[in-house]
Colleague: 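Sharing a structure, written as structure tokens. Questions coming.
Keep in mind the model is a prediction, meaning the values are calculated, not measured.
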Amino acid sequence: MSSGPIPPGVFETAGPAPDLIDSDEAGGAALRGGALRTVGFAAGLMLSLVSAPLVIRHLGDAEFGRYSAVLAVVAIVGGLTEGGVNTVALRELAVARDRDQRDRLMGDLLGLRLVLTATGVILAVGFAVIAGYGPSLVAGTALAGLGLIGALAQSLLASVLQSQLRFGWATIIDLLRQIVTTGLIVVLVIGDAGVVPFLAVSIPAGLASLAVTIVLIRGSISLRPAFHPNRWLPLLRDTAVFAVAVAVNTLYFRITLVLMSVVAAAVETGYFAVSFRVMEVLVNLPAILLGAAFPIISRTVWTDRPRFEQTTARMFTLALMLGTLISVALVLGAPFAIEVLAGSQGHPSTAVLQIQAAGIIATFLASATGYPLLSLHRNKETLAANLVCLATAIALTLALTPTWGAKGAAVSAVSAEFFLAAVTTFALVRRGGVRVPLIEVPIVLLAGLAALGVGLAVGIHPAVQAAVGSLAFLLILQLTGRFPAEVRELLARRVPGR
């Protein structure tokens, strides 16, 4: 996946991790880790280009809409019962130095995670029954819920790897899960399976990644869940506000699709589901790229405030540029992406995806400001921001979807994303006292519009337009002296002889 020697801080053992986080090399390790995870993400994306079109074409628009709605319900309930456990675990493991403290924390979090997730699965199945999804989709919801239990347990244990900046192994595990998923989907399509077996794919995929994670961290931390409700209560009290914020965040991103499955025509839900499938993949990018720096800002927020503010400012700028770059590429390349997924030119999902593409910018900015807020323990501000977005998504979906269908749903989703970015940025600047380079926002957005115009002027295949527009944006950044120095340094490290 990469050329040259493996960079330091990627595959190290657990021992030196705390020193690495404290050192001046931490930023570079995080950037390299984020880059490595992006390479893994790209490899997973290539695999999804095999699996996603197979599922969409095999099930058809309407049935794929129902399939996606079930997955959205399971994801929402998973978020509602997640309790902020993963992020809190990553934050606390990054600062904890005592082995006994880490073991007790992980044991309590594992026990809490298993109980909360099992409760979430029951709620998901109950919703499917009440919403009238039918016996097959109710069974599929239960199977997808079982997969959720394994997946969330694995993601909690993977926080140990991330807290040690062992991003290489985290990348390999994510890729393994995608390989298993793709392989099983191919088998099911060949076997002409119905929707229920597709919903069960997450079970073996989650178990495979869980097994590898356990092997990697065994010996560095306790893997025995502790079922002591008296110790869970302090954890829940400490994370209650943030837990609700995480739950609302999960809800608002998927609520549009769930509402459409109830109030909109099945075919419109299917159109939105195809676009949503692309967006569901891309919205993971901010966490992959920016999340690598979270252990650093969690440590420096209390020990080195100037370094924390500098890192936060750079995260904001990088997020703005990366979000704009991806948005430009997606607007231009949407016709090609939907043709690959749906198998036809001029598919209605193309316009839906082009609308949603603008929201990628907001998603990156919300992540870049959300991580520092979490490090500052500004959980109430995080909750308020997500509640505003949830209300926006619900109101606009109910108002726009009956008339505009999938396009109206896309507008509601994008509006919610921009509200979230605006509110979290305001909270970080006004309440957190952190300066971010807001002056860069209009400049970078204008560069993005110019690059979009260049891509459209090419007037040939959408894939070529996307490539030309992306290169034009990067060139504009270079000519204006705004090309990120960190990225330039990273590229220089990868060029032999430099």
Colleague: In a table with atom names and distances, give each donor-acceptor pair under 3.5 Å that connects a side chain of residues 406-413 to protein atoms at least two apart or in another chain.
Modeller:
residue, atom, partner, partner atom, Å
Ser412, OG, Thr397, OG1, 3.0
Ser412, OG, Ala409, O, 2.6

Colleague: Quick one: list whatever passes side-chain contact (heavy atoms from CB on, under 4.5 Å) with Ala193, sequence neighbours left out.
Modeller: Leu188, Pro197, Phe198
Colleague: Considering residues at least two apart in sequence or located in another chain, which fulfil the side chain to side chain donor-acceptor pair (under 3.5 Å) criterion with Thr324?
Modeller: none
Colleague: Show your reasoning for whether side chain to side chain contact (heavy atoms under 4.5 Å, CB included) applies to Leu216 and Ile173.
Modeller: CA-CA 10 Å; Leu216 288 173; Ile173 293 169; 3.7 Å; yes
Colleague: Could you tell me which residues satisfy salt bridge (Lys or Arg N to Asp or Glu O under 4.0 Å) with Arg277, sequence neighbours excluded, listed by chain and number?
Modeller: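 Here no residue qualifies.
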Colleague: Taking ring pair (Phe, Tyr, Trp, His ring centres under 6.0 Å) as the definition, give me every residue that meets it alongside Tyr271, ordered by chain and number, with sequence neighbours left out.
Modeller: His347
Colleague: Take a 6.0 Å sphere around OH of Tyr133 and say whether it holds more than 12 heavy atoms from other residues, nucleotides or ligands.
Modeller: yes
Colleague: When rounded to the nearest 0.5 angstrom, what distance separates CG in Asn386 from CZ in Phe419?
Modeller: 14.0 Å
Colleague: Do you know which of Val278, Leu341, Ile338 makes side chain to side chain contact (heavy atoms under 4.5 Å, CB included) with Ser349?
Modeller: Ile338
Colleague: Of all residues at least two apart in sequence or in a different chain, which pass the side-chain contact (heavy atoms from CB on, under 4.5 Å) check with Val263?
Modeller: none
Colleague: Take Val258 and Phe127 through the side chain to side chain contact (heavy atoms under 4.5 Å, CB included) test and state the conclusion after the steps.
Modeller: CA-CA 11 Å; Val258 174; Phe127 175 84; 4.0 Å; yes
Colleague: Hey, what do you get for CD1 (Ile76) to CD1 (Ile255), rounding to the nearest 0.5 Å?
Modeller: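 One finds 5.0 Å between CD1 of Ile76 and CD1 of Ile255.
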Colleague: Which residue pairs pass the side-chain hydrogen bond (donor to acceptor under 3.5 Å, both in side chains) test with at least one member in residues 188-217, sequence neighbours excluded?
Modeller: Gln154-Thr213, Arg177-Ser209
Colleague: What distance do Ile56 atom CD1 and Tyr67 atom OH have between them, rounded to the nearest 0.5 Å?
Modeller: 9.5 Å
Colleague: Applying side chain to side chain contact (heavy atoms under 4.5 Å, CB included), run through Ile360 and Met279 and close with a yes or a no.
Modeller: CA-CA 8 Å; Ile360 289 291; Met279 296 302 298; 3.6 Å; yes
Colleague: Could you state the interatomic distance from CG (Leu452) to CG (Leu332), rounded to the nearest 0.5 Å?
Modeller: 5.0 Å
Colleague: Do any side-chain atoms of residues 467-475 form donor-acceptor pairs under 3.5 angstrom with protein atoms, and if so which ones, sequence neighbours left out?
Modeller:
residue, atom, partner, partner atom, Å
Ser470, OG, Ala466, O, 2.8

Colleague: May I have the list of side-chain donor-acceptor pairs in residues 114-121 shorter than 3.5 Å, sequence neighbours left out?
Modeller:
residue, atom, partner, partner atom, Å
Thr117, OG1, Arg113, O, 2.7
Thr119, OG1, Val115, O, 2.9

Colleague: Report the C-alpha separation of Phe364 and Leu320 in whole Å, then their side-chain angles, then the decisive distance to 0.1 Å, and conclude whether the side chain to side chain contact (heavy atoms under 4.5 Å, CB included) test is met.
Modeller: CA-CA 7 Å; Phe364 266 88; Leu320 175 63; over 6 Å; no
Colleague: Mind checking ring pair (Phe, Tyr, Trp, His ring centres under 6.0 Å) for Phe336 and listing every partner two or more places apart, or none if nothing turns up?
Modeller: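 For Phe336, the residues satisfying ring pair (Phe, Tyr, Trp, His ring centres under 6.0 Å) (neighbours in sequence not counted) are His461.
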Colleague: Could you tell me the separation between the OG1 atom of Thr369 and the CE atom of Met315, rounded to the nearest 0.5 Å?
Modeller: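 So the gap between those two atoms works out to 8.5 Å.
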Colleague: Which heavy-atom pair separates Glu417 from Gly359 by the least distance, and what is that distance?
Modeller: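 Reported closest heavy-atom pair: CB-O, 4.1 Å.
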Colleague: Just how far is it from atom CG of Leu143 to atom CG of Leu199, taken to the nearest 0.5 Å?
Modeller: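 Here the rounded value is 7.5 Å.
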Colleague: What residues, two or more places apart in sequence or in another chain, satisfy side-chain contact (heavy atoms from CB on, under 4.5 Å) together with Ile214?
Modeller: Leu157, Leu210, Leu223
Colleague: Taking salt bridge (Lys or Arg N to Asp or Glu O under 4.0 Å) as the definition, give me every residue that meets it alongside Glu63, ordered by chain and number, with sequence neighbours left out.
Modeller: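 Partners of Glu63 by the salt bridge (Lys or Arg N to Asp or Glu O under 4.0 Å) criterion, ordered by chain and then number, come out as Arg66.
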Colleague: When you measure from the side chain of Thr424 to the backbone of Ala421, do you find a donor-acceptor pair of N or O atoms at a distance under 3.5 Å?
Modeller: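 Looks like yes, one N/O pair under 3.5 Å.
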